[in-house]
> 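The following block contains the structure, expressed as structure tokens.
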Protein chains: 2
Amino acid sequence: MSRQADAPGSFDIDADYKPLRDRVRDELRQRIIDDVYPPGTRLIETELAAGLGVSRLPVREAIRALESEGFVKTVPRRGAVVVELSAQDVEELFDVREALEVLASRQAATRATKAELRRVRSILDRGRKALEAGDRVALGKANEAFHDEILKLSHNLLLQAVLEPLQGRLHWLLRQTGDPNDLFEEHSAWFEAIASGSADLAAERARGHARLNREIVRNLLAERQHRAPSA
Amino acid sequence: MSRQADAPGSFDIDADYKPLRDRVRDELRQRIIDDVYPPGTRLIETELAAGLGVSRLPVREAIRALESEGFVKTVPRRGAVVVELSAQDVEELFDVREALEVLASRQAATRATKAELRRVRSILDRGRKALEAGDRVALGKANEAFHDEILKLSHNLLLQAVLEPLQGRLHWLLRQTGDPNDLFEEHSAWFEAIASGSADLAAERARGHARLNREIVRNLLAERQHRAPSA
DNA sequence: GCTTAGGATCCTGTATACCGTATCCCTGAT
DNA sequence: ATCAGGGATACGGTATACAGGATCCTAAGC
């Protein structure tokens with residue numbers, strides 16, 4: 001507190017500046033999510049550095065960041081490998097996601113402003129349009145954006161910080177399963193619960209949504225497992 | 001494993017496999033928790049590197065790790081500063097902690113093995129003895145260990161990974177408030193709920209404990225605020 | 001006297017070069 | 001076919017260099 005460093009109005013001069021390590025991290029994360037680097041891929045520092053036209057340092061730091069986000073695992077002296085999400089990993093992901101989204105939803109119900117609610121509604125609309133147009137990619141993006149926005153409504157920065165990497169892995173997982181599911185009605189009902197201002201109702205809907213989502217992913221994984229018994 | 005004796009020039013580097021960056025991170029984290037680096041302290045790479053007898057690189061990576069754990073905040077091109085936990089930060093910490101410990105407790109109730117329960121019971125005993133002996137430091141440590149163990153009982157690695165840094169900050173906060181509270185009865189009741197195998201009861205106790213703890217810290221902070229209105 | 005402009009200085013961000021060593025892979029001998 | 005040996009590879013860490021933003025001290029200007 002009493003941190004009066006920033007002038008009122010906060011005119012950040014170059015707020016757009018991002019250290020190279022962060023840009024490298026974002027780039028690598030995107031490549032992992034987009035399956036350019038599928039699970040099992042080794043991330044070799046010198047290779048990536050050369051490919052990206054940077055030195056090893058930013059790449060190293062980016063890899064460490066991705067490690068803490070759970071996208072890669074590094075074995076001492078062997079380097080980083082893109083992780084494969086096991087069935088247990090997926091269950092744990094949904095466990096934690098559920099607990100935190102319930103909290104987020106509960107807080108969102110009591111804290112969201114009208115302007116924020118309008119914004120979320122517009123994202124919901126985008127999803128509906130994508131669904132009607134049969135644009136699976138846009139639908140998937142709208143779904144991701146929806147979850148991100150709900151999180152913001154909670155006005156809980158720590159919650160956002162903790163859940164964000166998990167959402168990243170979740171989105172990654174959903175893309176791996178090739179599932180841009182039709183969750184529009186679900187999302188809509190959930191959102192209305194938040195907009196109603198009832199924390200309990202919002203929490204209940206969040207839990208229901210998380211569990212439905214979990215079931216969908218479980219089924220998709222079981223199906224995939226069935227098709228390709230041994231990898 | 002056939003590890004040759006290291007050159008006796010520098011200090012003992014050859015302790016274990018842990019990369020240097022991790023040991024530096026642990027050391028710096030400890031110093032922050034122990035108030036060697038109080039909130040507001042700038043962490044200057046070259047300074048720390050020289051002080052620890054390592055190069056800048058491990059220090060940089062350690063600082064990044066501490067940033068993701070929420071102990072420091074780094075402003076681009078200005079470096080890292082030990083954060084001061086605001087009242088809101090504390091509330092958010094407890095919000096997320098409560099949600100996750102409830103989950104951990106619930107899962108622990110159904111998953112903990114007898115051997116694990118025995119181990120936790122022994123930690124509880126340690127706490128009781130420390131309390132009886134009036135050893136506040138030992139009591140604080142036992143309390144921290146208790147929370148860590150409950151977390152392990154959940155058998156949920158992601159949950160542990162997510163909650164661990166938060167526990168770190170919580171412990172830090174408790175030390176800042178100078179509070180080795182007498183939570184023995186509370187912990188004991190909570191533990192028995194887990195040992196009983198009832199997930200609902202365990203969840204309820206976890207929630208109750210988290211809320212009590214939050215109140216205690218709130219009061220301590222309010223008191224401190226009162227004593228020193230402006231820092 | 002107070003503010004402002006300049007410049008010196010500190011420190012980060014990034015690059016480059018290099019070393020030791022653990023791991024992997026390939027080859028060759030048994 | 002198996003196993004040992006010997007590179008090749010790439011990580012972990014050190015050292016050094018340097019550009020440029022941030023900070024601070026000082027001196028000039030109103």
Side-chain angles (χ1 to χ4, degrees), chain A residues 3-7 10-28 31-32 37 40-68 71-83, chain B residues 1-28 37 40-68 71-83:
Chain A
R3 208 90 197 100
Q4 210 227 330
D6 290 337
S10 75
F11 57 101
D12 290 345
I13 306 299
D14 53 2
D16 53 330
Y17 171 79
K18 250 187 167 182
L20 201 46
R21 58 172 178 273
D22 290 348
R23 276 176 289 168
V24 171
R25 181 203 56 201
D26 292 345
E27 175 63 25
L28 294 182
R31 290 185 186 179
I32 291 172
Y37 301 145
T41 304
R42 286 189 64 185
L43 296 185
I44 293 158
E45 295 174 2
T46 51
E47 218 170 79
L48 296 172
L52 293 165
V54 301
S55 75
R56 272 176 69 199
L57 271 91
V59 174
R60 286 178 72 144
E61 300 192 348
I63 287 175
R64 296 283 127 65
L66 293 175
E67 185 182 11
S68 87
F71 284 101
V72 307
K73 199 183 78 142
T74 72
V75 185
R77 296 205 160 89
R78 288 205 14 185
V81 176
V82 179
V83 301
Chain B
M1 338 265 172
S2 68
R3 224 119 170 82
Q4 86 289 4
D6 211 43
S10 42
F11 57 89
D12 54 315
I13 284 286
D14 208 35
D16 47 312
Y17 283 153
K18 246 186 178 175
L20 198 47
R21 59 174 176 272
D22 290 348
R23 275 176 284 160
V24 171
R25 179 203 56 200
D26 292 345
E27 174 64 24
L28 294 183
Y37 300 146
T41 305
R42 286 189 63 185
L43 297 184
I44 292 159
E45 295 175 3
T46 51
E47 220 171 76
L48 296 172
L52 293 165
V54 301
S55 71
R56 272 176 69 197
L57 195 59
V59 174
R60 282 178 70 100
E61 301 189 342
I63 287 175
R64 296 284 127 63
L66 292 177
E67 184 183 10
S68 86
F71 284 100
V72 306
K73 197 182 79 134
T74 75
V75 183
R77 293 198 192 97
R78 291 202 3 181
V81 176
V82 179
V83 301

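Small disclaimer: the values here were computed from a predicted structure and weren't measured. All values below were derived from every heavy atom in this structure, side-chain atoms included, with hydrogens, water molecules and symmetry-related copies excluded.
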> Using a cut-off of under 3.5 Å, enumerate the N/O to N/O pairs linking the protein to nucleotides 6-8 of chain D.
none

> Can you tell if the side chain of B:L43 reaches within under 4.5 Å of the side chain of B:F71, non-hydrogen atoms only?
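No, side chains not in contact.
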> Is it the case that the side chain of A:R42 and the backbone of A:G79 share a donor-acceptor pair, with hydrogens and angles ignored and the cut-off at 3.5 Å?
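Answer holds: no.
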> Can B:R64 and A:R64 be said to form a side chain to side chain contact (heavy atoms under 4.5 Å, CB included), step by step?
CA-CA 9 Å; B:R64 296 284 127 63; A:R64 296 283 127 65; over 6 Å; no
> If you define the side chain from C-beta out and look only at heavy atoms, does anything of B:V54 sit under 4.5 Å from B:R21?
no
> Using side-chain heavy atoms (C-beta onward) and a distance below 4.5 Å, is B:E67 in contact with B:K73?
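B:E67 vs B:K73: side chains apart.
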> I'd like to compare against my own output: the B/S/- annotation of nucleotides 10-17 of chain C with a strict under-4.0 Å heavy-atom distance to protein.
-SBBBBB-
> Can you pull out every salt bridge (charged side-chain N to carboxylate O under 4.0 Å, His left out) where at least one residue sits in residues 46-57 of chain B? Sequence neighbours excluded, please.
B:E45-B:R56
> Going by heavy atoms in the side chains, are B:V24 and B:L28 under 4.5 Å from each other?
yes
